[in-house]
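The structure presented is a predicted model; accordingly, all values stated were derived computationally and were not measured.
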Amino acid sequence: MEQTEKIWNRKFILLFITNLLVLAAFYASIPIIPIYCQEIGITWSKIGIVLTAMSVATILFRPIAGYLLDNFNRYHVYLLFLALFCLSFPSFIAFPLFGALIVIRLYMGAVYSVCGSATMTLASDVLPVTKITEGISRFAFTVSIGMAVGPYVGIQVQNNMSSKASFLTIFGITVVALICVACCRIRYPKVERKKFSFKDTIHVSALPFMFNMMFLMIPYGAVIAYSSILAQEKGLTPFLPYFYICLVAGMLTSKLSTQKMIDAAKHRVLVYISLVILIITMASYLFLSTGVHMLIAGYFFGLGYGILQPLFQSFVTGTTPAPKRGVANATYMLSYDVGIGIGSLLMGCLQETIGLPTGFALTAIAYVIGGIIYIIHVDGYYHKLRHELHHQ
């Protein structure tokens, strides 16, 4: 496999674009699915089941994804599963039935579990060894931007055209992503394949980072899945696309203002700042009544996650030896699957009992729990792993 001394080499740039498009496509589907389900007559509790089905499949398949990436040619595995991922979006149009949508979401979860783990692993493989941590903290920014840009595109197309047009647009985005990664042509030496063992599909060292991030993703799952419904309830639907623009603006601000601090390993203060911002933002949903408030919440929501997501991804990649990065990333990405799944399912239940504004505000408790886990264990654990890796 060829190496370079530049972070922004050709393969890294192509993978950066690919991951941005794949994540945009994936997260674009989350807010449009509840409205699509309403259009075809699916009720609230069943919408929560449709949304959560994908998380269940992804959680179950992630360990297998790690095995595939570390025991087969990673590049070929990614090409295959990205092609399979593309097919899921036209399926929403072809099979507009409750049972069929659950099957489609389960299928999406299985194939996305590989796609979501593969690009981060491939990106770390094309970076110079001395710049992996810095490179991955930049690459992980595709997660933040994809999470914000995707829902904006999906909602805009759905509002101005139709749900079917949204799914076709997302399908087109994934096809462009497939073309980008096909142009990478990453070469790997022949892999010595190990026998599949479940205990080898979980990278134990990544579990504390995964468990910590899982709590931090619960409010994100709630907001991304149900912001469109909240906007409808509050009469703020015209502001919804701009909510996602503000989300992107917040993430860009975090990138421009904190990258030097991340590179200088000033992690602790960044985690504390982002958690304070996010707790205040979620608590403010109790009083949400205007479009301006919604846009401000979107900006600070993006600011907080724009700091946290690249930071935690760099924790995992920067403490994992190259041969184990596939399974380490697959283990860590479970935090997104579980957290977003819990957030979506929880909000589906709370919407019918205490309402979305109160439900959103209550999810701030997850940030408090995540902050406690970070202070008590994860911060010291990260520095210990870094020290051990540098002395191997």
Side-chain angles (χ1 to χ4, degrees), residues 17 19-40 47 51 89 92-93 141-174 176-177 217 219-256 277-278 281-282 284-285 287-306 309 340 343-344 347 351 356-357 359-360 363:
I17 296 168
N19 206 42
L20 182 60
L21 293 173
V22 169
L23 289 163
F26 169 61
Y27 286 103
S29 68
I30 294 176
I32 68 174
I33 286 173
I35 294 174
Y36 179 63
C37 286
Q38 283 182 316
E39 291 171 357
I40 61 176
I47 291 173
L51 286 170
F89 298 104
F92 282 96
I93 301 170
F141 196 56
T142 58
V143 180
S144 307
I145 295 297
M147 282 179 161
V149 172
Y152 170 76
V153 172
I155 288 290
Q156 279 286 63
V157 177
Q158 189 177 49
N159 287 346
N160 293 296
M161 297 175 71
S162 67
S163 294
K164 290 181 179 179
S166 281
F167 287 120
L168 290 175
T169 301
I170 298 168
F171 172 65
I173 291 170
T174 57
V176 174
M217 289 306 297
Y220 195 94
V223 169
I224 292 301
Y226 286 93
S227 281
S228 55
I229 307 299
L230 179 64
Q232 281 183 348
E233 290 181 0
K234 296 288 185 178
L236 302 174
T237 300
F239 290 91
L240 187 61
Y242 305 103
F243 169 82
Y244 293 108
I245 289 177
C246 289
L247 196 63
V248 174
M251 289 177 171
L252 286 172
T253 303
S254 74
K255 185 64 178 176
L256 295 172
I277 289 169
L278 289 169
T281 300
M282 294 310 295
S284 78
Y285 271 98
F287 317 104
L288 181 71
S289 60
T290 66
V292 173
H293 186 163
M294 188 181 207
L295 299 184
I296 293 170
Y299 176 81
F300 284 106
F301 198 64
L303 186 65
Y305 277 101
Q309 288 166 338
I340 289 175
S344 301
M347 212 46 54
Q351 193 273 341
L356 289 178
F360 277 18
T363 62

- Task: Assess the side chains of Q158 and S163: does a donor N or O sit below 3.5 Å from an acceptor N or O?
- Result: yes

- Taking atom CZ of F300 as the centre, does the number of heavy atoms from other residues, nucleotides or ligands within less than 6.0 Å exceed 12? no

- Query: For the residue pair G146 and L20, what are the closest heavy atoms and their distance?
  - Reply: N-CD1, 3.6 Å

- Message: Testing the basics here: between K164 and I93, what is the closest heavy-atom pair and its distance to 0.1 Å?
- Response: O-CD1, 3.4 Å

- Y36 side chain to F92 backbone, donor-acceptor under 3.5 Å: yes

- Mind checking what makes side-chain contact (heavy atoms from CB on, under 4.5 Å) contact with V149, not counting sequence neighbours? I145, V153, V248

- Considering only heavy atoms from C-beta outward, does the side chain of C37 approach that of I33 to under 4.5 Å? yes

- Message: Determine whether T363 and Y285 satisfy the following criterion, side chain to side chain donor-acceptor pair (under 3.5 Å), listing intermediate values before the conclusion.
- Response: CA-CA 10 Å; T363 62; Y285 271 98; over 6 Å; no

- For residues P31 and I224, report the shortest heavy-atom separation together with the two atoms involved. CB-O, 3.5 Å

- Task: Evaluate the ring planes of F301 and Y220, with Trp represented by its six-membered ring, and classify them as parallel (under 30°), tilted (30 to 60°) or perpendicular (over 60°).
- Result: parallel

- Item | Contact summary for I229 and Q38, nearest pair of heavy atoms | CD1-OE1, 4.0 Å

- Indicate yes or no: at least one non-hydrogen side-chain atom of P151 is less than 4.5 angstrom from one of I30. no

